[in-house]
Amino acid sequence: MKYVRFISTAFFGILLSLLLLTGCQQERMTEQADTTIPVRVTEVDKTSIQEFVTATGTAFAIKETILKTEQAGKYALQKNPRTGRAFVMGDSVAANALLVSLDNSEFLNGIAMDSKKLSLETAEREFTKQQSIYEKGGITLSDVKLAEMALIDARYSMDNAEISLAKLKIRAPFRGVIVDLPHFTSGQWVDAATEVVTLMDYSRLFAELTLPGKEMGRIQQSQSVIVSNYSEEKQQLEGRVTQISPALDPTSRMFKVKIEASNPDLLLKPGMFVRADIIVQEKGDVIVIPKDIILDRRGRKVVYVVQRGIALERRIELGIETSDSVEVTEGLNPEDSLIIEGFETLRNRSRVKVIE
């Protein structure tokens with residue numbers, strides 16, 4: 001009887017252990033079945049992508065000049081006709097706008113403008129008179145030629161006087177913006193060759209870039225360039241490659257590239273540190289995804305898509321890359337639900353829950 005009781009007790013112990021083990025396994029299976037990983041998805045679509053060669057440089061105005069006095073005189077800064085006040089730095093000016101005038105009585109007396117005007121008027125009348133007399137046979141052709149020579153001399157003298165007089169007026173040689181205006185008191189005497197205005201036209205900008213020699217074969221004249229403020233990339237301009245050096249620097253193994261960009265709204269300023277993205281390749285109507293959602297599985301590039309609550313691993317092939325995006329040439333189809341958040345811990349056929 002003791003032996004029978006022992007077997008019964010042992011049997012019930014084993015049976016109880018099996019029941020507990022089965023219960024735990026079922027509980028774990030239930031937990032696994034109920035476990036889902038929250039993810040966010042986006043629908044795969046086709047778009048365009050551009051491949052860039054990027055460099056940095058300094059922006060320069062397409063035109064720049066420092067205006068200097070050609071004669072000494074008393075300084076007088078002119079008024080801006082748009083504002084009614086004297087010109088200041090930052091003012092836009094039209095071509096030939098009068099910016100500064102000089103007063104020099106001694107110089108004006110030396111020009112003797114009134115005398116030269118009178119001489120020209122006299123020479124014109126005399127020439128007209130001599131032509132009329134010649135036509136009536138009263139004088140020879142030689143007399144007419146002498147009158148014509150006197151008229152030409154008077155015109156040259158007048159032209160030279162006007163050129164000299166213009167030296168007291170400092171005008172803008174082109175449309176631009178005043179970027180520097182040294183301070184002089186009105187009426188202050190300034191010498192010849194004194195810098196009075198710095199003017200720039202930066203409605204177009206240029207920059208000189210240096211690129212590694214390995215990129216030489218990919219850079220071509222007239223390629224499109226996106227030029228942006230290095231510290232504020234939203235400020236962007238469209239430009240072109242205008243010049244390419246055919247030689248490498250023997251020390252750095254770099255070559256020079258010159259670009260120009262239209263800046264009609266004066267968005268970027270001369271002297272800014274700019275980033276230039278030269279477009280070397282462009283594709284349209286292709287699948288493009290963020291680079292940071294791509295996982296490496298033993299040398300294979302994979303992403304995850306969702307089908308009926310299950311995450312499916314997709315091996316993909318890549319094409320053109322940018323700093324944050326990449327073209328997918330194989331492995332994804334339009335309208336796939338691509339997982340863009342929560343993918344880090346996924347395995348093939350993991351259960352997932354799509355969240356908004």
Check residues 149-160 and write down every donor-acceptor pair under 3.5 Å in which the side-chain atom is one partner and the other belongs to a residue at least two apart or another chain.
{"from": "N160", "atom 1": "ND2", "to": "Y156", "atom 2": "O", "distance (Å)": "3.3"}

Using distance only, find each side-chain donor-acceptor pair of residues 70-79 under 3.5 Å and give its atom names and separation, not counting sequence neighbours.
{"from": "Q78", "atom 1": "NE2", "to": "A76", "atom 2": "O", "distance (Å)": "3.1"}
{"from": "Q78", "atom 1": "NE2", "to": "S101", "atom 2": "OG", "distance (Å)": "2.9"}

Taking only distance into account, with no hydrogens and no angle test, what donor-acceptor pairs under 3.5 Å do side-chain atoms of residues 188-199 form with protein atoms, sequence neighbours excluded?
{"from": "Q188", "atom 1": "OE1", "to": "T185", "atom 2": "N", "distance (Å)": "2.9"}
{"from": "T194", "atom 1": "OG1", "to": "D191", "atom 2": "O", "distance (Å)": "2.7"}

Name the atoms and distances for all side-chain donor-acceptor pairs under 3.5 Å in residues 234-249, with sequence neighbours left out.
{"from": "Q235", "atom 1": "OE1", "to": "N229", "atom 2": "ND2", "distance (Å)": "3.0"}
{"from": "Q236", "atom 1": "NE2", "to": "E233", "atom 2": "O", "distance (Å)": "3.3"}
{"from": "R240", "atom 1": "NH1", "to": "S222", "atom 2": "O", "distance (Å)": "2.8"}
{"from": "R240", "atom 1": "NH1", "to": "S224", "atom 2": "OG", "distance (Å)": "3.1"}
{"from": "T242", "atom 1": "OG1", "to": "K258", "atom 2": "O", "distance (Å)": "3.0"}
{"from": "S245", "atom 1": "OG", "to": "A247", "atom 2": "N", "distance (Å)": "3.3"}
{"from": "S245", "atom 1": "OG", "to": "A247", "atom 2": "O", "distance (Å)": "3.4"}
{"from": "D249", "atom 1": "OD1", "to": "T251", "atom 2": "N", "distance (Å)": "2.8"}
{"from": "D249", "atom 1": "OD1", "to": "S252", "atom 2": "N", "distance (Å)": "2.9"}
{"from": "D249", "atom 1": "OD1", "to": "S252", "atom 2": "OG", "distance (Å)": "3.4"}

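Every residue two or more places apart in sequence or in another chain that forms a side chain to side chain donor-acceptor pair (under 3.5 Å) with D336 is listed here: R314. By the side chain to side chain donor-acceptor pair (under 3.5 Å) test, Q130 pairs with E126, sequence neighbours left out. Q307 meets the side chain to side chain donor-acceptor pair (under 3.5 Å) test with no other residue; sequence neighbours excluded. In this view, S203 and D201 satisfy the side chain to side chain donor-acceptor pair (under 3.5 Å) rule, not counting sequence neighbours. K301 is linked by a salt bridge (Lys or Arg N to Asp or Glu O under 4.0 Å) to D296, counting only residues two or more places apart in sequence or in another chain.
Residue pairs meeting the salt bridge (charged side-chain N to carboxylate O under 4.0 Å, His left out) criterion with at least one partner in residues 109-122, sequence neighbours excluded, are absent. The side chain to side chain donor-acceptor pair (under 3.5 Å) pairs that include a residue from residues 276-292 are Q50-E282, E51-Q281, T54-D277, R275-D277, K283-E327, K291-E321, where partners are two or more places apart or lie in different chains.
Its side chain within the 4.5 Å cluster rule, I49 clusters with V286, V288, I320 among the Ile, Leu, Val, Met, Phe, Trp and Tyr residues.
Taking each heavy atom of L266 and Y202 in turn, the nearest pair found is CB-CE1, 3.6 Å.
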